[in-house]
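What follows is a short report on a single structure.
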Amino acid sequence: MTSERYNPREAEGKWQKNWADRDTFRTDNTDKRPKYYVLEMFPYPSGRIHMGHVRNYTMGDVVARYKRARGFNVLHPMGWDAFGMPAENAAMQNKSHPAKWTYENIATMRGQLKSMGLSLDWSREIATCDPTYYKHQQRLFLDFLKAGLVTRKKSKVNWDPVDQTVLANEQVIDGRGWRSGALVEQRELTQWFLKITDFAQDLSDSLDDLPRWPEKVRLMQKNWIGRSEGLRVRFAIESNSLTSDKSVEVYTTRPETLFGAKFLALSADHPLAIAAGKRDAKIQDFIEECRRMGTSVATLETAKKKGIDTGVRVQHPFDPEWQIPVWIANFVLMDYGTGAIFGCPAHDQRDLDFARAYGLGATPVVCPPDQSTADFEIGKIAYDGEGKLINSRFLDGMDIPDAREEVSHRLEKTLVDGQPQGERQVNFKLRDWGISRQRYWGCPIPVIHCDDCGTLPVPLKELPVILPDDVTFDKPGNPLDHHPSWKNVGCPECRKAARRETDTMDTFVDSSWYYARFTDPTSLESPTTEAADHWLPVDQYIGGIEHAILHLLYSRFFARAMKATGHLGVKEPFDGLFTQGMVVHETYRSGDGGWRTPSEIRIEATPDGRKAFSLSDSSPVEIGAIEKMSKSKRNTVDPDEIIGSYGADTARWFMLSDSPPDRDVIWSEEGVQGAARYVQQIWRLVHEMRELSCQASAPEGNLDEIATRIRKIVHGHLMKVEEHIERLRFNTAIAEIRKMTNALSASIAGITSPEQISDDMRNAYREALDFMIQMFAPMMPHLAEECWAAAGHDNLVSETPWPILDRTLAAEDRIVIPVQVNGKKRAELEIEYDADSTRVEAEALKLEAVARELNGRPAKKVIIVPKRIVNVVV
RNA sequence: GCCCCUAUGGCGGAACUGGUAGACGCGUCCGACUCAAAAUCGGAUUCCGCAAGGAGUGCUGGUUCGAUUCCGGCUAGGGGCACCA
């Protein structure tokens, strides 16, 4: 027996070197075993890893190590999402180059990740800022361009005045830039777009074919894509003195309410509205007011519905005598539908608010089932529920679906202005993805603008278009714009002077295909090779919920676009998705209101609660809310410090043990200490079991009763641990492992030497020892290697196949069944596992507690659920 | 406003398809070891009750022999979208 403590500092470095020297985790694309691709969202090289990374990568590593042990050829790579604004900001501050900052951060963070003992194939490491990566991204862009999946158009864009760049809709949060937090302005610019809307239908439909994605994420994407079915309705204009148009179109999802129409409303940017503005100064003023409003989305919530009458009148589709006024309204969007709506105040809240403000009326056309059709009226709340049509002529009495069909059908057959009056249409909220960014530190868009030849792709043989090194950041705006020798080039067609595109790509482009590049990261000629089709889709992707829409939707689009251009065989990149929760921590505030870091305070636990004190002057510190680790609240814990003082295994174990992986985990010093304690417990137990199992061999045939009981403990827990890991329930997997070591520990209590026990038991302990080490190896790999060696093995546990489960041992032979009387538990019945119902009933009724409850009365009914419960009903 | 999720001891949480509520851990209390402390080990720990027993999974109603689990109505907390016609 050893009295030495396990020393993680010595052991962890040793085993990390061992794995590296032996290339244990290098993956061979030609390996014939079944493949398994596990990927965690790659980090942005911001400087240092944080606890969120530790959690993310630990989970992925457990899966990778487990699947490897189960005989899969596992691909588990790591790389760097290395382009982006912070590198430029740092360059401005430090008067240095973004590349320098980025590569220094990568070096630091690579070292930190290595100290975690992750089973990564580092030979496949990629950085998106490396020309050998973005060369292929430029190639993909040009192929997409050729395939019609890229457009360049003038459009209103979200302009971030602080970062001086354009933002995608997805990057505007509550009207502010997602990075800078500055209020976003609207500007008209010519921009490059990826036509994600070409795939809107499929991106939405295919979500149903992703059963291994969280329901929540699928729902969020579905809502974001926002598919709706409706009717485009053409209204004939009575007399149009403004434009040459004879009709105006609206989009509606509720054509059955047409008889409730009180007005048409145009967006301020609608051509008819603009024409009206030119004629009338008041209208022009209103349009300009609308445009100003559009820029401050924050005010939308409180903004009143406002409008102005254009004086134009249209005819009701079913009654040429019925005139409807055309208004311009501040709540109608130009870029959805047709930029015009018909207002049905009775059944749409916005329309009702508007109609009430301008006295336009609100005739109900749908009557709720519990209301009288004769006197149903609309008050302040529009009715949007089920019901029968009223006040609607030929629709009266129909239910909504029938009326909708009737209206659609009739309008499809009528002509207005020479075109069908109604056309069924599917609309999406999803917009095309604007990828132009006026930044330096991103992938250059490989096109050249020539005054004569137009916009031309850079010839493939000239790729990559490399970022120039000699740039300065002393002027606002894009340094590429201020770099004449880079910007000015010859036109690839006519050789005359031309200009490079100086916009670079949104960094979300970089991360939209890296999972494919990992499958063959050094291929020179093409972005992907046949290896991509071998490895993809990713079997298990793990990352934060914050990427539920942006990154995951873009990646799904990219896979489709790559498939369409022959770069990929699959359209869904991620077969299984897991979104892990955040790492949160208590916050601490001292008397002066300032935040204190966890390392600046000490905690005292008393029966009436925990109290915190400052380490420097022992003054009391208030323990505040538990929140996401952040620099501003100073409640961060540095992974380096934890690994330095407790070791990576302790950090990994605690990170996995305390909460379900999809929920937030509270990082606590007490919890970490508990994990560290357990590491030492295992170390002792391994040595004790090694003593007992010396000269033992693998258990075979029928063993004696105590030995069999030990094997049952081990196999029973092995079965459960497998189930939990397969379902990524790491917290319960860990509980099972602890239960097993508790049971083994109890079973050897009092045994001091191998002579005291049978050969069978020694053999059983041999198996128990090996299995136990293998079972915790995915979570605590260094400790496992050290224990594996201590147990007498001369190979690595990382290279050892998973233990083989004996299901007959995992099954019980006697079980305890609760016995209820009238649904209340009164007794327990211990009985053979395979006892039949007749016997269970007889035995249950014999129980004293049951007899007492029955008190002589006969049982009315006895319910027996085999192996579960007995319920006696009196 | 619309959509979605969550609610279990002092705390994190466990409970497979309706079948012993509270696994495993943290904390606390008691004990052992120690001159003492730390570390370590053993025990107790949902609440009320000396006990027998009773109550109990946010609240409320229902279905069922039996509900943390299913259904209806609420309350609280969290998240997503946000004038999308």
Side-chain angles (χ1 to χ4, degrees), chain A residues 5 174-175 214-217 219-224 226-228 230 250-254 257 265 267 293-294 297 300-301 303 305 329-333 335-344 347-351 353-354 384 427-431 545-546 548-549 603 605-610 626 653-654 657-660 663-666 668-675 677-678 680-681 684 720 723 727 729 731-739 742 749 816-829 859-874:
Chain A
R5 288 170 64 79
D174 290 334
E215 184 65 43
K216 182 190 167 80
V217 175
L219 200 73
M220 279 163 69
Q221 290 212 356
K222 213 156 221 176
N223 290 341
W224 186 266
R227 181 181 193 276
S228 74
V250 305
Y251 175 74
T252 177
T253 54
R254 301 209 55 191
T257 63
S267 159
M293 240 218 16
V297 186
L300 272 182
E301 203 174 330
K305 302 280 176 286
N330 63 351
F331 63 94
V332 181
L333 305 172
D335 61 354
Y336 184 80
T338 62
I341 60 158
F342 85 81
C344 176
H347 305 291
D348 182 290
Q349 192 59 48
R350 291 158 308 183
D351 297 349
D353 294 345
F354 188 76
D384 59 2
N427 260 345
F428 297 93
K429 292 190 205 172
L430 186 69
R431 296 280 90 97
I545 186 75
E546 66 272 22
I549 297 173
I603 304 267
T606 62
D608 40 275
R610 300 163 69 250
I626 295 169
W653 185 260
F654 173 64
S657 67
D658 224 36
S659 287
R663 287 208 219 163
D664 292 351
V665 63
I666 304 171
S668 73
E669 188 63 24
E670 293 90 340
V672 180
Q673 282 167 3
R677 217 155 37 226
Y678 186 62
Q680 300 300 338
Q681 281 170 21
R684 280 195 304 276
K720 292 197 169 143
E723 286 167 7
R727 294 172 53 212
R729 302 283 297 180
N731 56 325
T732 48
I734 281 178
E736 279 310 318
I737 292 172
R738 293 189 90 128
K739 265 191 249 183
N742 287 351
V816 177
I817 302 176
V819 180
Q820 299 179 331
V821 177
N822 287 338
K824 292 208 168 182
K825 186 190 158 195
R826 296 297 173 188
E828 284 180 344
L829 176 67
K860 217 183 270 174
K861 193 154 105 179
V862 179
I863 289 150
I864 294 168
V865 181
K867 299 168 187 38
R868 287 241 183 254
I869 206 162
V870 179
N871 190 9
V872 182
V873 186
V874 183

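Labels below follow one simple rule: chain letters A, B, ... track the order of the sequence lines, proteins then strands, and each chain is numbered from 1.
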Exercise for review: Tell me whether the OP1 or OP2 atom of G19(B) has a side-chain N or O from Asn871(A) closer than 4.0 Å.
Suggested key: no
Check your understanding: Is any NZ, NE, NH1 or NH2 atom of the basic residue among Glu723(A) and Lys720(A) found under 4.0 Å from an Asp or Glu carboxylate oxygen of the other?
Key -> no
Revision key, fill the gap. Per the glycosidic torsion and the 90° limit around 0, nucleotide G9(B) is syn
Exercise for review: Give a yes or no answer on whether the side chain of Tyr251(A) reaches the backbone of Gly230(A) with a donor-acceptor pair at less than 3.5 Å.
Suggested key: yes
Check your understanding: What does Arg227(A) touch in the nucleic acid at a heavy-atom separation under 4.0 angstrom: a base, only the sugar-phosphate, or nothing?
Key -> nothing
Check your understanding: So which nucleotide from A85(B), G19(B), A14(B) ends up closest to the side chain of Gln820(A)?
Key -> G19(B)
Check your understanding: Just by modelled atom types, is the Gly343(A) backbone N or O under 3.5 Å from a matching donor or acceptor in the Asp348(A) side chain?
Key -> no
**Study point:** Closest to the Thr252(A) side chain, choosing from A85(B), A14(B), C41(B)
**Key:** A85(B)
Review point. Which nucleotide, C24(B), A85(B), G13(B), lies nearest any side-chain atom of Asn742(A)?
Key: C24(B)
Review point. In terms of the nearest nucleotide of RNA chain B, which residue is placed more toward the 5' end: Glu736(A) or Gly339(A)?
Key: Glu736(A)
Exercise for review: Using the C1' atom on both, measure G80(B) against G25(B) and round to a whole Å.
Suggested key: 33 Å
Check your understanding: Is any side-chain N or O of Lys305(A) under 3.5 Å from a base N or O of C83(B), one able to act as donor and the other as acceptor?
Key -> yes
Point to revise | Short side-chain N/O contact from Tyr678(A) to OP1 or OP2 of G25(B), under 4.0 Å | key: no
Exercise for review: Evaluate the criterion side-chain contact (heavy atoms from CB on, under 4.5 Å) for residue pair Val873(A) and Val862(A); output intermediate values, then yes/no.
Suggested key: CA-CA 6 Å; Val873(A) 186; Val862(A) 179; over 6 Å; no
Exercise for review: Would you mind telling me which of A15(B), A23(B), C83(B) lies closest to the side-chain atoms of Phe331(A)?
Suggested key: C83(B)
Review point. For Val819(A), which contact category applies under a 4.0 Å heavy-atom criterion: base, sugar-phosphate, or nothing?
Key: nothing
Study note, to complete from the structure: Picking from A82(B), G25(B), A14(B), the nucleotide nearest the side-chain atoms of Trp224(A) would be A82(B)
Check your understanding: Where each residue is assigned the nucleotide of RNA chain B containing its nearest heavy atom, which of Asp348(A) and Pro660(A) is assigned the position nearer the 5′ end?
Key -> Pro660(A)
Check your understanding: What is the nucleic acid contact for Lys216(A), judged by heavy atoms within less than 4.0 Å: base, sugar-phosphate only, or nothing?
Key -> sugar-phosphate
Check your understanding: Which nucleotide sits closest to the side chain of Ser228(A): G80(B), A85(B), A55(B)?
Key -> A85(B)
Revision key, fill the gap. Where RNA chain B forms runs of at least three Watson-Crick or G-U pairs (i with j, i+1 with j-1, under 3.5 Å), the stems are B:1-7 with B:75-81, B:10-12 with B:24-26, B:27-32 with B:40-45, B:46-48 with B:53-55, B:58-62 with B:70-74
Exercise for review: Look at the side-chain N and O atoms of Gln681(A) and state whether any lies under 4.0 Å from the OP1 or OP2 oxygen of C41(B).
Suggested key: yes
**Study point:** Nucleotide nearest Arg826(A) when distance is taken to its side chain, options G54(B), G12(B), C4(B)
**Key:** G54(B)
